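One structure is given here, and the rest of the page talks about it.
Note that the structure is a prediction, hence the values are computed from the model and not measured.
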Amino acid sequence: MYDHRPTIERLIVLHARRRPLLLTAAALAAVTALGGCTSEPARPGGAAGDRGEPAVRITPQPDPANAPLPLDAYGFDTSQQKVLQQAQDILTEACMHRIGFAAFKNTSTYVTAGAGARRTTSGIGLVDAEAAKTYGYRSGGLPDREAGAAQKRDPSETAALFGPQDGAPAPAGAPEGGCAGEAARKLYPRSTTGAAGAPAGNGLVDELARQAADRARADSRVTAAVTEWSACMREAGFQVKTPWELQQMEGTRWTGPVTSEEITAATTDVSCKQRTKLSDTWTAVLAAYQTQLVEKRKQDLDQERKHLGDQVRFAEKVLAGGGA
């Protein structure tokens, strides 16, 4: 897994760049949709297109959200992410106590549904049928965002934690970027393999993962499958062109308690991804682009993997009480 970010508050940036589909592909997708979205796509199984796309073998994935990918070998796994986040919380609290906020308690401690927590989404959004039936487009392993948002911090505490905020100066003794920044710098030294001055951690892996995902979204086999998925959704009464549109509704349309409308949309979404083979196509195509990037940057990735090991060992020392 490589979705860790060296900050307390994380952002998920959704990209939806796609190339225009050929009219013939759209027409074929519409015909497929009229057949109930169950027909095989009118294209070679995993044959490369005429744009230098890598050949792939599209095979059924019983758990597409957790399907192994080439870059997984170079990132933090779930247990390592938990250790790093807990260490970051400890370092942040120690800093806040040091500069005068003795009662400060970090509320962003890594939250998971348990040691066996599983992802339910991939680069094309929700792909887990059981999660769709229960949580809709939410994740049962995440804390209640509305409850967290309702907790208002004191402005001076916020400035101490993150640096000057909205005109509130940082208190005396606060480090640059606040205590959160100090903790991140201790855990994540600057990278020598990513972009200039970029944080280490999974920096290079994250960047290559983004590149692979962007290429996969523009791949002709993925765009054709997305068109078929859209037709399947339209037949069920949902007018959406891409899976990313549904992802972006979380936090806007899908707010408050999970409704039957959301559950219906989520289960239909996953079903259409399965019936049109979008889930399997995405996994195969994404893996192919990741393989290309791993081969191109293997030396840098091997070097960064060594740094990751050092970071995890430092975090373990913090948890043992010897690294703050």
Side-chain angles (χ1 to χ4, degrees), residues 1 3 5 8-18 29-30 32-38 61-67 78 107-114 116-153 213 217 222-223 225-283:
M1 293 176 65
D3 57 355
R5 296 289 187 276
I8 288 183
E9 295 184 354
R10 298 160 183 81
L11 299 177
I12 298 174
V13 181
L14 300 174
H15 301 277
R17 292 189 295 172
R18 299 179 295 116
T32 302
L34 292 175
C37 305
T38 57
Q61 295 290 333
D63 187 8
N66 295 278
T78 303
T107 58
S108 69
T109 301
Y110 186 92
V111 180
T112 179
R118 296 167 50 256
R119 287 174 289 189
T120 59
T121 63
S122 72
I124 54 169
L126 184 64
V127 292
D128 188 289
E130 290 304 313
K133 293 176 184 177
T134 306
Y135 304 112
Y137 287 103
R138 329 300 173 87
S139 172
L142 294 178
D144 187 309
R145 292 169 299 162
E146 293 185 353
Q151 298 176 358
K152 300 292 185 181
R153 290 189 186 279
R217 276 186 276 269
V222 170
T223 55
V226 166
T227 299
E228 295 168 5
W229 169 89
S230 178
C232 183
M233 292 292 288
R234 185 168 60 251
E235 187 179 71
F238 296 94
Q239 302 296 322
V240 286
K241 293 182 178 179
T242 74
W244 303 289
E245 290 179 35
L246 290 171
Q247 272 187 306
Q248 291 167 337
M249 288 181 186
E250 184 176 357
T252 56
R253 181 173 180 178
W254 312 129
T255 59
V258 178
T259 64
S260 59
E261 177 194 16
E262 181 180 346
I263 295 294
T264 300
T267 54
T268 303
D269 176 13
V270 174
S271 176
C272 283
K273 284 169 182 168
Q274 294 172 343
R275 295 166 68 184
T276 61
K277 295 184 170 48
L278 174 56
S279 298
D280 296 336
T281 300
W282 171 263
T283 301

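Looking only at distances, a side-chain donor or acceptor of Thr267 sits under 3.5 Å from a matching main-chain atom of Ile263. Using a distance-only test at 3.5 Å, with no hydrogens or angles considered, no donor-acceptor pair links the side chain of Lys273 to the main chain of Pro243. Between the Thr281 side chain and the Val222 main chain, no donor and acceptor come within less than 3.5 Å of each other. Trp229 places no side-chain N or O within donor-acceptor distance of the main-chain N or O of Val270, the cut-off being under 3.5 Å. In this structure, Thr264 contributes its side chain and Ser260 its backbone to a donor-acceptor pair below 3.5 Å. The backbone N or O of Ala265 sits less than 3.5 Å from a side-chain atom of Tyr137, completing a donor-acceptor pair.
To the nearest 0.5 Å, atom CD of residue Glu245 and atom OG of residue Ser230 are 7.5 Å apart. With rounding to the nearest 0.5 Å, the separation of OG1 in Thr120 from CD in Glu130 is 12.0 Å. Rounded to the nearest 0.5 Å, atoms CD1 (Ile124) and OG1 (Thr242) are 11.0 Å apart. With rounding to the nearest 0.5 Å, the separation of CZ in Arg275 from OG1 in Thr268 is 9.0 Å. The OH atom of Tyr135 sits 12.5 Å away from the CG atom of Leu126 when rounded to the nearest 0.5 Å. The CE atom of Met233 sits 14.5 Å away from atom NZ of Lys241, with the distance rounded to the nearest 0.5 Å.
Closest heavy-atom contact between Ala225 and Leu278: CB-CD1, 3.7 Å. What you find for Ala67 and Gln61 is that their closest heavy atoms are CB-OE1, 3.6 Å. Heavy-atom minimum distance, Arg138 versus Val258: CG-CG2, 3.8 Å.
Side-chain contact between Trp282 and Ser122 is present, with at least one heavy-atom pair separated by less than 4.5 Å.
Checked for salt-bridge contact, Lys277 and Glu228 miss the test: no charged N lies under 4.0 Å from a carboxylate O.
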